[in-house]
Structure formats: C-alpha cells, structure tokens
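Below is one structure, written out as structure tokens; comments come after it.
Because only heavy atoms are used, hydrogens play no part in the values below, and waters and symmetry mates are left out as well, while side chains stay in.
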There are 2 protein chains.
Amino acid sequence: MNYKIKSRIWIELDGEEFLGEGKVKLLKAIDNTGSLSKAAKTMKISYKKAWHLLDAVNNSAKKPVTVKSIGGKGGGGTKLTVYGKSLIVNFEEMNEKCWKFLDVQLENIKSL
Amino acid sequence: MNYKIKSRIWIELDGEEFLGEGKVKLLKAIDNTGSLSKAAKTMKISYKKAWHLLDAVNNSAKKPVTVKSIGGKGGGGTKLTVYGKSLIVNFEEMNEKCWKFLDVQLENIKSL
DNA sequence: TTTCGTTATATCCAATCAAATATAGCGATT
DNA sequence: AATCGCTATATTTGATTGGATATAACGAAA
C-alpha cells in the first residue's frame with residue numbers, strides 16, 4: 001500500500017488568493033536572480049505569466065512585497081522587500097508543518 | 001487583518017490522484033441518489049465529467065468503490081460499497097483535521 | 001416484446017487558458 | 001544622444017478543457 005497524501009495550501013485576503021505555492025516559488029526565484037524576467041526563465045514560464053503572478057501579489061498585499069527599478073544600468077530589476085522575504089519563510093514553514101501533520105494522520109489510518 | 005489559510009488535500013496511489021475533494025463530493029452525491037446520472041445533475045456537472053471522475057477512482061482503487069447495475073427497473077444505478085463509504089468518512093475527517101491544524105498555525109503567525 | 005432510465009462512449013463545438021510574438025517606455029552608463 | 005536589459009502590456013495563435021449532443025446496450029417489469 002503506497003498511498004501518499006498530498007496537500008496544497010494558500011493564503012487568502014478578502015476572499016482572493018494572495019499567496020500560494022506558485023507565487024512563493026516565483027518570489028524565491030526573484031530573490032535569487034534579482035529580476036522578474038530572469039526568474040521567469042529559470043522557472044521556464046513565460047514572462048507574461050510571471051508578471052501576472054507578481055502583479056496579483058502586489059495588488060492584494062497591504063505592504064509592498066517587491067521593489068522594482070526600470071531602466072538604468074542592467075535595464076533595471078526587481079527585488080524582494082524584507083516583508084516579501086518574511087512571507088516566503090512563513091509560508092514554507094507552515095507548508096512543511098502541514099505535510100508532516102498529514103503524514104502522521106495517514107499513519108493513523110490503517111483501514112485504507 | 002483578515003487573512004485566511006486554505007488547503008486542499010488529495011490521496012495519490014502510485015503517483016496518480018486517487019481521491020480528492022471533487023471525487024469525494026461525487027461519491028457522496030452517488031450515495032445520496034443511488035445513481036451516477038442523478039449525482040451529476042445534483043452537482044450540476046455533465047454526466048461525462050462525473051463518469052470520468054468515477055472511472056478514475058475505480059481504476060486506481062484496489063478494492064471496488066462502487067457497484068453498478070445496468071438495465072432493469074429504473075434503468076439501473078450505482079451504489080457505494082462499504083469500502084467506498086469508509087473512504088468518504090476517512091477523507092473528510094482528515095480534511096477537517098487539516099483545516100483546524102492550519103488555523104492554529106495561522107494563529108501562531110502574527111508577523112503577517 | 002415493448003418500455004424505461006440508467007450506464008457507457010464517441011463526436012463535435014465552445015470556452016477558457018497559456019504560450020508566443022510584438023511593441024513601447026524607462027534611465028544609468030557610455 | 002545611443003545603448004542595453006529590464007518592466008509593462010496588447011494581440012494573436014495554439015492547446016487543453018468541458019459542455020452538448022447522439023447513440024447503443026442493458027434487463028426487470030408491465
């Protein structure tokens with residue numbers, strides 16, 4: 001019996017998704033590359049999709065998650081704020097706790 | 001701050017989804033109506049979609065989840081097995097525990 | 001043997017979603 | 001002023017999804 005239990009968590013604010021796994025992954029890629037377009041490339045998604053994801057985050061967040069610079073040396077870029085970084089940490093921590101919790105729950109169900 | 005944390009859980013067997021919220025909802029509707037087509041109507045989804053969902057469950061389950069009868073008085077029908085009913089109960093129980101767990105977790109994060 | 005409502009399945013069409021492409025603006029550096 | 005890589009956005013194309021529709025088989029009961 002190789003049952004596995006999986007989960008996805010996300011955070012809603014006023015009924016709309018504010019943060020989920022895809023957005024957290026994007027924020028991490030932005031943190032690593034310093035640019036939205038580079039983050040999209042490393043994630044192998046279109047710039048458009050990445051831009052929409054980030055746009056949704058910034059539109060629903062009450063504090064800025066990223067700061068951008070357009071033009072200039074290197075063309076500009078996007079960086080995470082301290083708040084943005086804390087979101088990543090808190091989300092991933094909660095996600096891992098959820099997984100472990102569910103693994104324990106599954107152990108308790110031998111009747112499957 | 002009216003953040004809400006949401007989650008979806010599902011069970012995989014050999015890497016493919018075996019049971020999720022949509023499938024459980026369908027199984028419950030079948031249990032209530034005694035027929036796949038009636039279940040589809042009450043859920044306001046097409047028979048095709050309902051059939052594919054149930055087909056996926058029965059193809060991946062190691063024990064029969066439903067028993068069907070074709071023809072006869074009333075045209076036939078689909079009923080849950082004891083195993084099928086136990087799946088519903090266990091899944092929903094685990095789902096609710098997960099929600100409560102996450103609510104507690106969110107309480108612990110005041111930094112958001 | 002005719003009827004009935006169901007299961008089962010194929011086909012066509014509409015809608016939705018995502019990828020690809022194109023274009024414009026930005027501003028520090030050169 | 002020219003360049004460069006990035007942000008920003010619209011449009012078009014392609015793929016996938018799901019709905020609607022049609023048809024057949026089934027078997028107990030009338």
Side-chain angles (χ1 to χ4, degrees), chain A residues 8 10 16-18 20-61 63-81 83-85, chain B residues 8 10 15-61 63-81 83-85:
Chain A
R8 267 186 78 89
W10 66 95
E16 64 198 15
E17 174 175 319
F18 161 61
E21 289 186 11
K23 285 165 182 162
V24 165
K25 191 178 172 188
L26 177 63
L27 290 182
K28 287 177 76 174
I30 290 173
D31 200 27
N32 287 332
T33 60
S35 124
L36 180 55
S37 68
K38 284 179 187 167
K41 277 179 191 164
T42 63
M43 288 177 66
K44 292 178 181 173
I45 63 175
S46 64
Y47 176 84
K48 176 189 174 185
K49 183 172 181 178
W51 184 85
H52 277 296
L53 283 173
L54 183 58
D55 190 54
V57 172
N58 280 322
N59 281 340
S60 55
K63 288 198 278 182
V65 174
T66 56
V67 284
K68 64 190 164 188
S69 63
I70 304 175
K73 178 181 181 181
T78 301
K79 293 182 184 302
L80 294 192
T81 62
Y83 174 62
K85 290 182 184 180
Chain B
R8 267 186 79 90
W10 66 95
E16 63 198 16
E17 175 175 318
F18 160 62
L19 201 63
E21 289 185 11
K23 285 165 182 161
V24 165
K25 191 178 172 189
L26 176 63
L27 291 181
K28 288 177 75 175
I30 290 173
D31 200 28
N32 287 333
T33 61
S35 123
L36 180 56
S37 68
K38 284 179 187 165
K41 277 178 191 163
T42 63
M43 289 177 67
K44 290 179 182 173
I45 61 175
S46 65
Y47 177 84
K48 174 189 175 183
K49 184 173 181 178
W51 185 84
H52 277 296
L53 283 172
L54 183 58
D55 190 54
V57 171
N58 279 321
N59 282 340
S60 54
K63 287 197 280 181
V65 174
T66 57
V67 284
K68 63 188 163 188
S69 64
I70 305 175
K73 179 182 180 181
T78 302
K79 293 182 183 303
L80 294 192
T81 62
Y83 174 62
K85 290 182 183 180

Classify every nucleotide of nucleotides 22-30 of chain C by which part a protein heavy atom approaches to under 4.0 Å, writing B for the base, S for the sugar-phosphate alone and - for neither, in 5'-to-3' order.
---BBBBS-
So how far is it from A:D31 CG to A:L80 CG, rounded to the nearest 0.5 Å?
4.5 Å
By salt bridge (Lys or Arg N to Asp or Glu O under 4.0 Å), which residues pair with A:K28, not counting sequence neighbours?
A:E92
Sorted by number, the residues of residues 36-43 of chain A with heavy-atom contact under 4.0 Å to DNA chain D:
A:L36, A:S37, A:K38
The correct set of residues in residues 47-58 of chain B placing a heavy atom under 4.0 Å from DNA chain C is B:Y47, B:K48, B:W51
Taking only residues two or more places apart in sequence, or in another chain, which ones meet A:N58 in a side-chain hydrogen bond (donor to acceptor under 3.5 Å, both in side chains)?
A:T66
Taken in chain and number order and not counting sequence neighbours, the residues that satisfy side chain to side chain contact (heavy atoms under 4.5 Å, CB included) with A:K41 are none
Going by side-chain hydrogen bond (donor to acceptor under 3.5 Å, both in side chains), name the residues that satisfy it together with B:S69, two or more places apart in sequence or in a different chain.
none
Which residues pass the side chain to side chain contact (heavy atoms under 4.5 Å, CB included) test with A:E17, not counting sequence neighbours?
A:W10, A:K23
On DNA chain D, nearest-nucleotide positions of A:G34 versus B:I45: which is more 5'?
A:G34
Expressed in angstrom and rounded to an integer, what is the separation of B:K79 atom NZ from C:dT6 atom C1'?
12 Å
With sequence neighbours excluded, residues passing side chain to side chain contact (heavy atoms under 4.5 Å, CB included) with B:N32:
none
Give every residue pair that meets the salt bridge (Lys or Arg N to Asp or Glu O under 4.0 Å) criterion with at least one member in residues 45-60 of chain A, sequence neighbours excluded.
none
Quick one: list whatever passes side chain to side chain contact (heavy atoms under 4.5 Å, CB included) with A:A50, sequence neighbours left out.
A:L26, A:L36, A:A40, A:I45
Distance test, side-chain N/O of B:T78 to OP1/OP2 of C:dT7, below 4.0 Å
yes
Listed partners of A:T33 passing side-chain hydrogen bond (donor to acceptor under 3.5 Å, both in side chains), at least two apart
none
